Protein chains: 2
Amino acid sequence: MSGKPTREQIIETADRLFYQQGFEHTSFAHIADAVRISRGNFYYHFKSKDEILSAVIRHRLANTGKMLESWQAQADTPRDRIRCFIHILLVNGDKIRNYGCPVGTLSSELAKLNHSAQGEANELFTLFHDWLKSQFVQLGHRRDAGQLAAHLLSRSQGVATLFNAFGDEKFVRREVGQMCEWLDDITNQ
Amino acid sequence: MSGKPTREQIIETADRLFYQQGFEHTSFAHIADAVRISRGNFYYHFKSKDEILSAVIRHRLANTGKMLESWQAQADTPRDRIRCFIHILLVNGDKIRNYGCPVGTLSSELAKLNHSAQGEANELFTLFHDWLKSQFVQLGHRRDAGQLAAHLLSRSQGVATLFNAFGDEKFVRREVGQMCEWLDDITNQ
DNA sequence: TAACATCTAGGACAAACGACCTAGCCCGGA
DNA sequence: TCCGGGCTAGGTCGTTTGTCCTAGATGTTA
C-alpha cells in the first residue's frame, strides 16, 4: 500500500485501533486485515501482542514529544504553550468525543487488565506532566509547578471523560475557557 | 454460599468483576467460578452477556440512588451534601486507586466497544449530575446549576483518572481540598 | 547464475469465548 | 402419591483468540 515499511504500518494501524476500540478488543486478525497483510507476516514483525503494545506506546511517546517540541517552537511564552495544551481538547475534539483521551483511556484499560505495560503507558502522562511543570517553572511557579501541572492534567482528563460520555461541545468550550482564565489568574499574581 | 438468591449473587459478583477487570475481560466462566455455580445455571438466569451488563447497570443505579438519599439524610445543607460527593474520592480511595471510577471507566470502555448499553451506563453520570444540579439550585445558583454540576463531575473524574494512574494520595487530598474551597467560594458570593 | 537473508502467505494448533441444550434435582400443591 | 415448575449441573457447538510453523516469494550480494 503506502511506501512505509510494514513494521511502521503495523504500529500506526495498531495505534489507531487500540485507541478507537481498546487494546484487548483489538485482535491480531483485526490489525492484519486493516494493514492488508497475513497473520503470519504479522507474527514475523511482532512475537506477541504485548510487544506491539510496547511499540505503540513508544510510538505515541515519540509523537507526543514532537508535538510538545512544536508547541515550544510555535508559542513564544510559557503561558501560550500551556494554552496549546489546554486547546487540544478542542483541536482533537472529534476524536475525543468518540474515543476519549488516548492517554487516559489506555492507562485505565491497562490498569484494569493489570497489564505489565502499565508503567510504560503512564510515561505518556509523565511526559505531559513534566513538560507542563517546566512551563510553570518558567512562569515563576518554581515551588508548586508540579502541583499545578497535575491539576491541569487532571482537569483536562475530566473534561475528556465527560465529553466522551455526553458529546457536549459547549461544555468543553466552557471548561477550556475556565482553564485559560485559571491560567491567567495564577500568571498575573 | 450466602443466603442471597443466585440471581442477586451473580449481579453483585458481575458488578465487582466488571469494575475490577473491565466488562469485556470478564467472561461467563469467570463470573460463574466466582459465584461457584455452573455455566449452565448461569445461563438460566441471564440469556446473554449484555443482559448481565444491563442488570449490573440497573444495580449500580439503584445503589447510587440509595447513596444519594443517605447523603440527603446525613447532611443538613446542600453544601455539606456536595462535600459528601467530593469526599468519595477519599472514602473510596483504595478502590479508585486500583480500578478507577466505576462510572467513568465503564462509560469509557463501552464507548470504545461501541456497545449498545452506552446510554444506560451514562445514566449513572446523569444521576450524579442531576443530583448535584439540584443541590446547586438549592444553593441559589439556579441559572448555572447544570454547569456547576458538570464542572464538579468533570473535576472528580480527572482526579480519579490520575489517582488510578499514579496512586498519589497527596494529590487527591490537595484536589479534594481545592474543590471544597471552590465550593465555598461560589457559596459565599 | 547461485547463494543468501529478508520478508510474506496461509495454514494449524490448543485454549477460551459466548451461546445453547438436555437431563436431573428439589420442593410445594393436588 | 404423583405432578410440575423453579433451579442446577455439565456437556456441546461453532467461532475467535494468541501463538506458532513451514513453504515460498523477493531482492541483494558474490
Side-chain angles (χ1 to χ4, degrees), chain A residues 1-57 59 106 109-110 112-118 120-121, chain B residues 1-57 59 106 109-110 112-118 120-121:
Chain A
M1 275 299 108
S2 85
K4 291 185 180 176
T6 307
R7 191 188 152 88
E8 246 175 84
Q9 284 188 52
I10 292 175
I11 293 177
E12 285 173 10
T13 305
D15 188 351
R16 201 189 79 235
L17 292 177
F18 287 173
Y19 175 41
Q20 293 176 347
Q21 330 181 335
F23 168 68
E24 190 169 35
H25 190 246
T26 302
S27 70
F28 272 64
H30 212 131
I31 304 172
D33 285 358
V35 187
R36 291 177 188 273
I37 59 169
S38 65
R39 272 136 284 140
N41 185 11
F42 192 106
Y43 203 76
Y44 169 79
H45 294 280
F46 296 96
K47 266 171 272 177
S48 75
K49 205 181 173 186
D50 293 356
E51 215 168 274
I52 316 169
L53 178 59
S54 226
V56 165
I57 293 175
H59 186 248
L106 180 65
E109 183 178 2
L110 296 185
K112 290 220 193 259
L113 302 181
N114 215 352
H115 197 282
S116 59
Q118 223 172 319
E120 292 178 67
Chain B
M1 273 297 110
S2 86
K4 291 186 180 174
T6 307
R7 191 188 151 87
E8 247 176 83
Q9 285 188 50
I10 293 175
I11 293 177
E12 286 173 9
T13 305
D15 188 351
R16 201 190 78 237
L17 291 177
F18 286 174
Y19 176 41
Q20 293 176 346
Q21 329 181 335
F23 167 68
E24 190 167 37
H25 189 246
T26 302
S27 70
F28 273 65
H30 212 132
I31 303 172
D33 284 358
V35 187
R36 291 178 189 274
I37 59 169
S38 65
R39 273 135 281 142
N41 186 9
F42 192 105
Y43 204 75
Y44 170 79
H45 293 280
F46 297 95
K47 266 170 272 180
S48 74
K49 207 182 172 186
D50 293 356
E51 215 169 273
I52 316 168
L53 178 59
S54 226
V56 165
I57 293 175
H59 185 247
L106 180 65
E109 184 178 0
L110 296 186
K112 290 218 192 257
L113 302 182
N114 215 352
H115 197 284
S116 59
Q118 223 171 320
E120 291 179 67

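FYI, side chains are in, hydrogens and waters are out, and symmetry mates aren't considered; it's all heavy atoms of this structure. In what follows, chains are A, B, ... by sequence order, proteins preceding strands, each numbered from 1. Owing to the predicted nature of the structure, the values given are computational and were not obtained by experimental measurement.
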So do the side chains of [X] and [Y] get within less than 4.5 Å of each other, counting heavy atoms only?
X     : Y      : answer
A:N41 : A:V35  : no
A:F18 : A:L106 : no
A:Y19 : A:T26  : no
B:F28 : B:F46  : no
A:F23 : A:L113 : yes

Between [atom2] on [N] and [atom1] on [X], what's the gap in Å once rounded to a whole number?
X     : N      : atom1 : atom2 : value
A:E8  : C:dC7  : CD    : P     : 13 Å
B:F42 : D:dG11 : CZ    : P     : 19 Å
B:Q9  : D:dC7  : CD    : P     : 13 Å
A:I37 : D:dA25 : CD1   : P     : 19 Å
A:D33 : C:dA9  : CG    : P     : 12 Å

*Looking at CG of A:D15 and CD1 of A:I10, how far apart are the two atoms once the value is rounded to the nearest 0.5 Å?*
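Going from the CG atom of A:D15 to the CD1 atom of A:I10 covers 13.5 Å.
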
| message | If you compare every side-chain N and O of B:H45 against the phosphate oxygens of D:dT8 (OP1, OP2), does one of them come in below 4.0 Å? | response |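 Yes, within the criterion.
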
Please tell me if B:Y44 has a side-chain N or O lying less than 4.0 Å from either OP1 or OP2 of D:dT8.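 For B:Y44, the contact criterion (side-chain N or O under 4.0 Å from OP1 or OP2 of D:dT8) is not met.
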
message = If the condition is side chain to side chain donor-acceptor pair (under 3.5 Å), which residues does A:D50 pass it with, not counting sequence neighbours?
response =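 Listed in chain order: A:H115.
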
Below 4.0 angstrom, which residues in residues 10-25 of chain B have at least one non-hydrogen atom near DNA chain D?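 Per residue number, the list is empty: none.
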
Could you go through nucleotides 20-25 of chain C and list every protein N or O atom that sits under 3.5 Å from one of its N or O atoms, giving the distance for each pair?
from	atom 1	to	atom 2	distance (Å)
C:dC20	OP2	B:Y43	OH	2.4

Q) Does A:S27 or B:T6 map to a spot on DNA chain D nearer the 5' end, using the closest nucleotide for each? A)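 In this pair, the answer is B:T6.
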
With distance as the sole test, does B:E109 use its side chain to make a donor-acceptor pair with the main-chain N or O of A:E109 at under 3.5 Å?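 No, because the side chain of B:E109 does not come within donor-acceptor range (under 3.5 Å) of the backbone of A:E109.
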
Quiz item: Nearest to the side chain of B:F28, which nucleotide is it out of C:dA19, C:dA9, D:dG10?
Solution: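 The closest nucleotide is C:dA19.
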
